[in-house]
Structures are given as structure tokens and as C-alpha cells.
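Taking it in order: structure first as C-alpha cells, then the write-up.
Per chain, numbering begins at 1; letters A, B, ... match sequence-line order.
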2 protein chains.
Amino acid sequence: MLAPQTEEAYRRLRRMILSLELRPGEPLVERKLEELLAVSRTPIRAAIQQLFREGLVQRTGRVYTVAPLDLAELEEAFEFRTWLETYVVRVAASRRPNARQLQELLASVEADLDPEIELEKATDFHLALAKLTGNRFVVASLAQVLQRIYRARYLEITRPQGADQALSDHLHLIELLQQGQAEAAAAFLQRHLERSREALLESLEGSILLGVRSS
Amino acid sequence: MLAPQTEEAYRRLRRMILSLELRPGEPLVERKLEELLAVSRTPIRAAIQQLFREGLVQRTGRVYTVAPLDLAELEEAFEFRTWLETYVVRVAASRRPNARQLQELLASVEADLDPEIELEKATDFHLALAKLTGNRFVVASLAQVLQRIYRARYLEITRPQGADQALSDHLHLIELLQQGQAEAAAAFLQRHLERSREALLESLEGSILLGVRSS
DNA sequence: CGAGTTGAGCTGGTATACCAAAAAGGGTAG
DNA sequence: CTACCCTTTTTGGTATACCAGCTCAACTCG
């Protein structure tokens with residue numbers, strides 16, 4: 001979608017931020033990144049703009065820094081998700097997903113050893129559910145909130161059993177959807193998110209990453 | 001928030017798009033805009049990127065064009081808004097807004113002769129409502145959908161009585177909120193949006209702007 | 001006369017030079 | 001020793017030069 005160099009810079013920066021290689025609070029100095037990524041400042045600036053818009057990068061004064069993990073933001077994210085996805089699941093269950101849509105859902109519940117890929121798939125699963133509503137704004141809103149809390153979710157999924165729990169939850173949810181059990185699916189999703197939220201908060205508990213302002 | 005030249009270019013471009021001065025489908029040629037806006041391509045490119053992310057600008061092949069008005073998108077937007085704002089109003093009514101918050105709401109229901117300002121105020125009103133939930137994702141999602149259908153709303157509000165109807169609706173809604181009548185407020189909002197949707201579709205009916213692909 | 005080819009000129013993408021403002025560092029005066 | 005000021009450096013913002021790919025039109029060859 002973006003220009004090739006910009007896309008590359010964006011993906012590498014995003015990856016470094018999400019995997020916490022670039023720590024929250026760390027300043028993004030364009031001329032350093034120029035050297036690090038071996039591209040000129042132009043695509044780097046475009047990439048930073050993009051990340052800024054997505055909320056992964058913050059601006060404090062004139063300098064761009066990696067956005068800190070924000071506990072309040074996390075709580076708001078889960079409140080919003082719960083409410084959004086509950087709706088999503090109700091709609092999805094009532095409009096029984098067709099074969100192709102089920103395929104897409106199932107494709108995102110394969111186990112994988114790499115936690116980063118696992119997380120991508122979990123994200124895809126929730127977005128595929130949202131797509132079942134046929135409403136692009138639902139999908140866009142969910143995509144935004146998932147992206148925003150990506151780093152915290154990364155911490156959660158790398159815990160022992162972190163990924164397995166999510167996987168089995170997702171599988172069960174698909175079953176409920178197939179059977180058209182809207183209310184059961186909504187209730188189960190709510191529990192799923194509640195569990196996820198608690199595990200995630202626990203992962204963050206005492207994390208040195210919380211509230212770090214600079215490296 | 002953005003750099004000054006970029007901000008200026010962004011605002012002017014956005015204004016030209018939203019006011020339909022730049023028609024849907026019209027290509028945005030960087031070197032033409034350079035001349036038109038009297039700034040270099042760098043801030044223009046940044047501004048276009050921003051508009052692209054917001055959905056006001058599309059990419060067809062390698063050229064950026066003003067996004068066409070999309071009837072399906074409009075329907076989805078109203079479906080999403082209705083559902084989102086119904087929730088917003090319920091929450092807002094239950095947590096009776098305080099004086100400062102009411103002030104903010106009331107500030108956005110002053111009549112104005114300029115339809116553009118009127119529309120900004122209507123937008124502010126709905127966003128101020130969303131803020132009452134205290135959830136930044138609710139606000140961000142609503143802001144995005146309102147922005148996305150801004151041009152169609154502009155067409156609606158410039159119709160005779162278009163602005164007055166919205167204004168009196170907003171005033172009534174504030175009253176219901178003050179009285180904490182959550183269900184009545186939610187129901188009224190739903191009617192408000194339904195009216196708005198119909199007026200808007202009527203404005204678009206047969207509009208030459210629908211589906212235009214190039215100038 | 002028509003189809004294929006070639007080349008000129010747009011266009012967006014990238015690199016880089018330049019600027020102004022802010023931050024950092026050092027030196028001096030009190 | 002401290003506080004202030006001045007210089008130097010660093011930084012993001014802007015302008016611009018350069019590049020590669022595509023478009024399209026004109027010309028040539030069959």
C-alpha cells in the first residue's frame with residue numbers, strides 16, 4: 001500500500017516497538033534511525049507519522065518517543081472491546097457464517113511456536129469475527145484498539161500457557177457461532193476477554209516497562 | 001500537533017475536500033498542489049498521507065484521488081453510529097454530566113450562519129457526548145466515522161432547515177441527559193440519527209457527486 | 001493505413017542540502 | 001562553588017534535486 005522503503009521502515013519500526021526492542025519512552029531520533037535502517041529520513045519520517053497516528057508513537061515537545069504502556073488506556077481498551085465484540089458475536093451468530101468465512105476464522109487458530117505469529121493470528125481471529133458484521137467501521141475500530149494494546153498483549157501471550165488458552169477459547173467460540181448460539185457466544189466471549197484482561201494485567205504487574213519515560 | 005506547514009497544508013486540503021471544492025475522484029497531483037498551496041512537496045505529501053489514513057483520500061494505482069462518496073459506506077456509518085451513540089447516551093445519562101461538561105455540550109449548539117461552522121459544532125456536540133463515557137476509544141471511533149461521512153453531512157446541513165433541525169434535536173437531547181432519562185435519550189437519539197440519515201440520503205439522491213471517479 | 005516501438009515528459013518515491021529553534025556544554029563572573 | 005550566558009551541536013522541518021516507472025503520443029516500418 002505504502003511506498004516500498006516507507007513500508008519497510010514502517011514494518012521494522014513497528015516490529016521493534018511491539019516486541020519491546022524499542023522500549024516505551026525511548027526517543028525516535030530520525031538521524032539515528034537513518035543509520036539503523038539504512039534508508040533516508042524521508043521514508044523514516046513517513047513511517048513515524050504512521051506510527052504516531054496509530055498511537056504507538058507519542059510526541060513530547062518536538063521529539064517523537066515510543067508511547068508508554070498506559071494502564072488506564074488498557075482498561076478503556078478492554079471496556080471498549082468487550083462491548084464492541086459482544087455486539088460483533090451476536091450479529092455473527094445470528095447470520096450463521098458461511099463456509100468461506102468459517103475457513104478464514106479457522107485459519108487463525110492454528111498453533112504456532114513463534115509468539116509473534118501467534119499474536120498476529122489471534123488478532124486476525126478477532127478481526128475476522130468483526131468482518132462478519134459486514135460493517136467496515138466495526139472492523140476499523142476493533143483493529144485500532146487491538147493495535148493500540150498490542151505490546152501488552154505480546155507480554156501476555158509469551159507467558160506459559162498464554163497462547164494455548166486463547167487458542168482453545170477461540171475454537172470454542174467458533175463452535176458456538178456455527179450453532180448459532182448468539183447469547184452463549186456473547187457470554188463466552190465476555191469471559192474470554194475478562195480472562196485475557198486479567199492475565200494481561202498480571203503480566204504487566206511490576207513490569208519495568210510501565211511508565212518508563214526515557215531510556 | 002503537526003509541523004506548521006504540514007498542518008496548514010492538511011487543513012486547507014481537508015477543507016477543500018470536505019467542502020467539495022475538490023470533487024470526489026479528483027486526482028491530487030503533488031506538484032500542482034505545491035503551486036496552489038505555496039509550500040513544498042514535503043508537507044504536502046505528509047498532509048496527503050494523513051488524509052489517506054483518514055479515508056478522505058484514496059489511492060488508485062499510484063495516484064492519490066479524493067475518495068468518492070460511497071452509499072454503502074454511508075449506510076454502514078449510520079448503522080455503526082446508531083449503535084455506538086446509543087450506548088454513549090445511555091452511559092452519559094446515567095453519569096449525570098457535571099457543569100463543565102454541560103457547558104461544553106451547550107457551547108456546540110449555538111446557531112451560526114456559516115454551514116461549515118455549524119457542521120463543526122454538530123460534530124463537536126456528538127464528540128462531547130462521547131467524551132462523557134471517559135473512554136478514548138469510543139471518542140476516537142466516533143470521530144473517525146463522523147469524519148468519514150463529513151462531506152455527505154455537509155450536503156445535508158446546507159439544505160434549508162437542515163441545521164435548525166439538528167440544533168433543536170441536540171438541545172432536547174441535553175435536556176434528557178440532565179434529567180438522567182437514559183432510555184428516553186437513547187430512543188430520541190436513535191430517531192435523531194434516523195432523521196439525519198434520511199435527510200442525508202435525500203441530499204445525495206441523484207447528486208452528480210456520487211460515484212464520480214475523475215474530474 | 002495500421003500496428004508496434006520508442007522516447008519525451010509526468011508522477012510519485014527517495015535522498016540530501018539547508019534552516020531555525022532548542023538543547024547541551026563550557027567558560028566566566030560573582 | 002554556583003549561576004548565568006554564550007557558543008556549539010543536535011534535532012526536526014522544509015525545500016529541492018534526482019531517480020525510476022508509467023503514460024501517451026508520435027513516428028516508423030510493414
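Salt-bridge check for A:Glu34 with A:Arg41: failed, with every basic side-chain N at 4.0 Å or more from each acidic carboxylate O. The residues A:Arg197 and A:Glu194 are annotated as salt-bridged, a charged nitrogen and a carboxylate oxygen being separated by less than 4.0 angstrom. Contact check on A:Arg148 versus A:Glu73 returns a salt bridge, with a Lys/Arg side-chain nitrogen under 4.0 Å from an Asp/Glu carboxylate oxygen.
With distances taken from any side-chain atom of B:Arg41 to the nucleotides D:dC18, C:dT16, C:dA15, the minimum falls on D:dC18. Of the candidates C:dA15, D:dA17, D:dA15, the closest approach to any side-chain atom of B:Val39 belongs to D:dA15. Nearest to the side chain of B:Lys32, among C:dT14, C:dT11, D:dA15, sits C:dT11. Distance from the side chain of A:Gln5 is smallest to C:dT14 among C:dG13, C:dT11, C:dT14.
Comparing A:Ser40 and B:Leu28 along DNA chain C, the residue whose closest nucleotide (by nearest heavy atom) sits nearer the 5' end is B:Leu28. Nearer the 5' end of DNA chain D, as judged by each residue's closest nucleotide, is the contact made by B:Ala38, out of B:Arg31 and B:Ala38.
Side-chain contact of A:Arg53 with A:Gln50: a donor-acceptor pair under 3.5 Å is absent, judged by distance alone.
The residue from B:Trp83, B:Phe80, B:Tyr87 that alone fulfils the ring-ring contact (aromatic ring centres under 6.0 Å, His included) condition with A:Tyr87 is B:Trp83.
Between B:Tyr64 atom OH and C:dC10 atom C1' there is a gap of 17 Å when expressed in whole angstrom units. Atom CZ of B:Arg62 is separated from atom C1' of D:dC19 by 11 Å (rounded to the nearest Å). Atoms CD (B:Glu8) and P (D:dA15) sit 12 Å apart, rounded to a whole Å. The interatomic distance linking B:Phe52 (CZ) with C:dG12 (P) rounds to 14 Å, in whole Å. At whole-Å resolution of the value, OH in B:Tyr10 and P in D:dG13 are 17 Å apart. If you measure from atom CD of A:Glu35 to atom P of D:dT11, you get 11 Å, rounded to the nearest angstrom. Residue A:Glu34 contributes atom CD, which lies 8 Å from atom P of C:dT16 at whole-angstrom precision. For B:Leu33 and D:dT16, the CG to P distance is 16 Å, given to the nearest whole Å.
Phosphate proximity of D:dT11 to A:Arg45: absent, as no side-chain N or O sits under 4.0 Å from OP1 or OP2. For C:dG13, the OP1/OP2 oxygens have no side-chain nitrogen or oxygen of A:Thr6 closer than 4.0 Å. Of the side-chain N and O atoms in A:Thr42, none sit less than 4.0 angstrom from OP1 or OP2 of C:dT14.
Among the atoms of the strands shown, none is found under 4.0 Å from any heavy atom of B:Ile44. Residue contacts for B:Ile48: at a heavy-atom cut-off of 4.0 Å it reaches no nucleic acid atom on any strand shown.
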